[in-house]
Number of protein chains: 2
Amino acid sequence: MDGVRLFRDYVNEKGLRNTPEREVIVREVFSTHDHFDVDTLYLRLRNKKKNISKASVYRTISLLIKSGLVKEVFFEDGHMHYEHVYGRDHHCHFRCISCKKIIEFMEEEIIDIHRKFSKSSEFEVTGHRLELFGYCRDCMEKEEKNKAG
Amino acid sequence: MDGVRLFRDYVNEKGLRNTPEREVIVREVFSTHDHFDVDTLYLRLRNKKKNISKASVYRTISLLIKSGLVKEVFFEDGHMHYEHVYGRDHHCHFRCISCKKIIEFMEEEIIDIHRKFSKSSEFEVTGHRLELFGYCRDCMEKEEKNKAG
DNA sequence: TTGTTATTGAGAATCAATTACAACAATAAT
DNA sequence: ATTATTGTTGTAATTGATTCTCAATAACAA
Ligand SMILES: [Mn+2]
Ligand SMILES: [Mn+2]
Ligand SMILES: [Zn+2]
Ligand SMILES: [Zn+2]
């Protein structure tokens, strides 16, 4: 719940202004650990009777990205999906190409790769994204039943 | 140059038709190892006086993806970027967030991660994508000069 | 050849994301 | 306090990528 405060600081540092709209959006972003897209975030706000324009949602997400508190997770169904990273351990994503389910996982090796490249003088690595694609257990089982049946 | 033939086979297998438009598009896709997006591919065709509609370019890329001969590499500037994979070794991508340059690299560890998950009975992993982000050497040097100057 | 059916190009439609702008609000300057 | 400056908002318009519609055409099998 402290990403909210960090975002306030970021806004101040940048000489921007803390507005009630930003406050509400950012609180909502940090209220869950789920992945989200602009539309679901916007609808969550509407359901709570917060009348904030979609433009402001876009603008605030853009700021959250710049602040480093939110990251783009993946692009699917024609639009971007996000998650907040403050207070969460780093992790990677497995995406089921059948049911679109997301499964998070952590592999130390990926950190090693990141470190190795960071130490080389060739690049300054600031981030990485590893996605695995395939079929989740549920969808595997469904397919096996299909073959059997 | 044989991805073209494999694509013909794929099209036949699926009961689809080999058309001159598809042939021209696919030849162009396999004519270089560069990353490409729909627009640059379309313009390359236009420059060669091939009058093929953009819709057909989209449709053929979609087939190429399904056939497994082409892969989505990354989403940037509001649209997808692709590369053909036939006849190429697997590799990952480093993307400079300053100049947008792409640098390809290969890490065995990533293959290990893929294998490890494939063997687990939890998921059936069919593919992966690893991207590193940061600053390339050129952009690092530019920034250092900025600080010094 | 002929019939069936996939494919094409052109343009319209869709949808995510950005932008222009006028009203408004917060801060700084006088 | 008053005024000027500048940031922010919502609305609506705009841009740009991608998909879709549909009538004309062409691939392929019989
Ligand atoms: Mn996640
Ligand atoms: Mn590549
Ligand atoms: Zn699944
Ligand atoms: Zn660079």
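Below, chain A is the first sequence line, B the second, and so on; all start at residue 1.
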Is M106(B) close to I111(B) at the side-chain level, that is, under 4.5 Å between some pair of heavy atoms?
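A side-chain contact exists here, since the closest heavy-atom pair is under 4.5 Å.
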
Going by heavy atoms in the side chains, are R22(B) and R8(B) under 4.5 Å from each other?
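They are not in side-chain contact.
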
Reading DNA chain D from 5' onward, which residue's closest nucleotide shows up sooner: L63(A) or L16(B)?
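Counting from the 5' end, the first nearest nucleotide belongs to L63(A).
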
Starting at the 5' end of DNA chain C and moving along, which residue's nearest nucleotide shows up first, R59(A) or D39(A)?
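Whichever sits nearer the 5' end wins; that is D39(A).
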
Have a look at V29(B) and tell me which of L69(B), L41(B), T60(B) forms a side-chain contact (heavy atoms from CB on, under 4.5 Å) with it.
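Of the listed options, the one satisfying the test is L41(B).
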
Measure the distance from [atom1] on [X] to [atom2] on [N] and round it to the nearest whole Å.
X: I65(B); N: dT18(D); atom1: CD1; atom2: P; value: 11 Å
X: D77(A); N: dT14(C); atom1: CG; atom2: P; value: 18 Å
X: Y42(A); N: dT11(D); atom1: OH; atom2: C1'; value: 11 Å
X: K14(A); N: dT8(D); atom1: NZ; atom2: C1'; value: 18 Å
X: E21(A); N: dT9(D); atom1: CD; atom2: P; value: 5 Å
X: L45(A); N: dT9(D); atom1: CG; atom2: C1'; value: 15 Å
X: E72(B); N: dT18(D); atom1: CD; atom2: P; value: 10 Å
X: F75(A); N: dG16(D); atom1: CZ; atom2: C1'; value: 12 Å

Polar contact flag, side-chain donor to acceptor under 3.5 angstrom, H91(B)-E83(B):
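Short answer, yes.
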
Counting side-chain heavy atoms from C-beta on, which of dA16(C), dG10(D), dG7(D) comes nearest to S53(A)?
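Shortest atom-to-atom distance from the side chain points to dG10(D).
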
Out of the candidates H84(B), H81(B), E76(B), H93(B), only one should pair with H35(B) under the side chain to side chain donor-acceptor pair (under 3.5 Å) rule; please name it.
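In the set H84(B), H81(B), E76(B), H93(B), the residue that makes a side chain to side chain donor-acceptor pair (under 3.5 Å) with H35(B) is H93(B).
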
Less than 4.0 angstrom between a side-chain N/O of [X] and OP1 or OP2 of [N], yes or no?
X: Y58(A); N: dA17(C); result: yes
X: T19(B); N: dA27(D); result: no
X: R17(A); N: dT6(D); result: no

Which part of the nucleic acid, if any, lies within reach of P20(A) when heavy atoms closer than 4.0 Å are counted: base, sugar-phosphate only, or nothing?
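No contact.
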
